[in-house]
Amino acid sequence: MTKFEEFEHIIEKLRAPDGCPWDREQTHASLKKPCIEEAAEVVCGINILEQTGDPDNLKEELGDLLLQVVMHARIAEEEGYFTMDDVIQGIIDKMVRRHPHVFGDAVADDSGAVLKKWDEIKKQEKAGKEWTEAYLPAAFEEAKELIDAAAERKGFGKIERNGQSE
């Protein structure tokens with residue numbers, strides 16, 4: 001068993017009837033707050049690494065963010081939507097599709113060419129799904145609100161958009 005499979009089994013056990021009441025109660029919606037907080041803490045871990053050379057915080061925060069991904073996939077599986085394997089297969093397919101210069105015959109001489117092709121492929125993938133973009137402005141606003149609430153809970157006050165605390 002891989003460490004990832006072991007971790008999946010731990011999450012499965014936590015959500016089982018004889019597992020943890022808190023973990024069993026979680027939903028996609030209830031995990032929005034911890035998901036955005038963990039993403040912000042990964043950013044902090046990157047900043048710590050860049051400024052001090054110490055990778056320990058980043059390692060810990062990546063684990064916490066991974067917990068969010070595995071919990072959401074587990075909940076989705078319980079609800080009959082998709083499995084972790086489906087999530088992984090989806091990202092595998094996307095990476096192969098969006099890197100034809102690596103996995104196909106396309107040529108990309110520099111990162112600019114890579115990004116141009118990436119955007120072209122992404123546009124083709126999203127054709128017919130443009131309606132999902134209508135949800136993004138509200139999601140970004142909700143993310144800001146969740147970040148502000150996390151900052152206040154942690155004693156930093158409301159964060160202004162220039163990065164300064166009030």
Side-chain angles (χ1 to χ4, degrees), residues 1-52 54-98 118-119 122 125-126 129-166:
M1 174 183 303
T2 67
K3 291 294 180 188
F4 186 77
E5 290 166 331
E6 180 182 358
F7 185 53
E8 284 184 297
H9 286 293
I10 288 169
I11 300 306
E12 182 179 0
K13 176 69 174 166
L14 288 171
R15 290 192 48 85
D18 62 340
C20 173
W22 185 90
D23 288 289
R24 282 195 314 269
E25 292 172 359
Q26 299 314 300
T27 66
H28 293 297
S30 71
L31 290 173
K32 286 181 185 181
K33 180 174 68 171
C35 189
I36 199 77
E37 286 182 31
E38 296 304 344
E41 290 175 7
V42 166
V43 171
C44 179
I46 293 167
N47 293 344
I48 290 169
L49 175 63
E50 288 178 342
Q51 293 176 22
T52 70
D54 186 346
D56 288 343
N57 185 262
L58 178 57
K59 178 177 66 175
E60 177 182 345
E61 299 306 341
L62 286 171
D64 292 345
L65 189 58
L66 180 61
L67 167 63
Q68 296 302 309
V69 172
V70 174
M71 281 285 282
H72 280 284
R74 180 71 204 155
I75 292 166
E77 183 173 353
E78 292 167 3
E79 294 172 340
Y81 294 137
F82 53 82
T83 67
M84 179 56 77
D85 281 350
D86 296 329
V87 171
I88 293 169
Q89 190 60 59
I91 196 62
I92 287 170
D93 293 346
K94 182 186 289 186
M95 291 298 96
V96 170
R97 225 178 18 253
R98 292 193 186 175
W118 178 284
D119 288 340
K122 185 175 181 178
E125 292 170 351
K126 300 291 182 183
K129 300 178 189 176
E130 292 83 0
W131 62 270
T132 61
E133 296 222 354
Y135 289 86
L136 277 174
F140 283 130
E141 188 58 38
E142 184 177 6
K144 289 177 193 175
E145 291 168 7
L146 290 168
I147 289 290
D148 286 343
E152 288 185 44
R153 239 185 351 273
K154 293 180 183 251
F156 300 116
K158 188 173 185 259
I159 303 296
E160 295 178 19
R161 291 301 147 227
N162 66 5
Q164 301 296 313
S165 296
E166 288 184 344

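Because the structure is a prediction, the values reported are computed rather than measured.
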Work out which heavy atom in [X] is nearest to a heavy atom in [Y]; give both atom names and the distance.
X: Ala143; Y: Ile36; value: CB-CD1, 3.7 Å
X: Glu5; Y: Thr2; value: OE1-N, 2.8 Å
X: Leu66; Y: Phe4; value: CD1-CE1, 4.0 Å
X: Leu58; Y: Val42; value: CD1-O, 3.8 Å
X: Ala40; Y: Ile147; value: CB-CD1, 3.6 Å
X: Val87; Y: Ala73; value: CG2-CB, 4.5 Å

Quick check for you: to the nearest 0.5 Å, what is the distance between [X] atom [atom1] and [Y] atom [atom2]?
X: Lys32; Y: Cys35; atom1: NZ; atom2: SG; result: 10.5 Å
X: Lys13; Y: Arg74; atom1: NZ; atom2: CZ; result: 12.5 Å
X: Ile91; Y: Lys94; atom1: CD1; atom2: NZ; result: 5.0 Å
X: Met84; Y: Glu8; atom1: CE; atom2: CD; result: 5.5 Å
X: Gln68; Y: Gln26; atom1: CD; atom2: CD; result: 9.0 Å
X: Arg97; Y: Lys122; atom1: CZ; atom2: NZ; result: 12.0 Å

Asp93 and Gln89: side-chain donor and acceptor closer than 3.5 Å?
->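 Yes - a donor-acceptor pair under 3.5 Å links their side chains.
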Side-chain heavy-atom pair Asp54, Leu49 within 4.5 angstrom cut-off = no
Find out whether Leu14 and Met71 are in side-chain contact, i.e. whether some heavy atom of one side chain is under 4.5 Å from a heavy atom of the other.
-> no
Taking [X] for the side chain and [Y] for the main chain, is one N or O donor matched with an acceptor at less than 3.5 Å?
X: Asp86; Y: Thr83; result: yes
X: Arg24; Y: Gly19; result: yes
X: Thr52; Y: Ile48; result: yes

Would you indicate whether Glu79, at its atom CD, is surrounded by more than 12 heavy atoms from other residues, nucleotides or ligands within a distance under 6.0 Å?
-> yes
I would like to know whether Phe7 and Leu67 meet side chain to side chain contact (heavy atoms under 4.5 Å, CB included); could you show each step before the answer?
-> CA-CA 9 Å; Phe7 185 53; Leu67 167 63; 3.9 Å; yes
So Arg15 and Ile75, side chain to side chain contact (heavy atoms under 4.5 Å, CB included) or not? Walk me through it.
-> CA-CA 9 Å; Arg15 290 192 48 85; Ile75 292 166; 3.4 Å; yes
Glu125 and Arg98: salt bridge (charged side-chain N to carboxylate O under 4.0 Å, His left out), yes or no, with the steps?
-> CA-CA 10 Å; Glu125 292 170 351; Arg98 292 193 186 175; 2.4 Å; yes
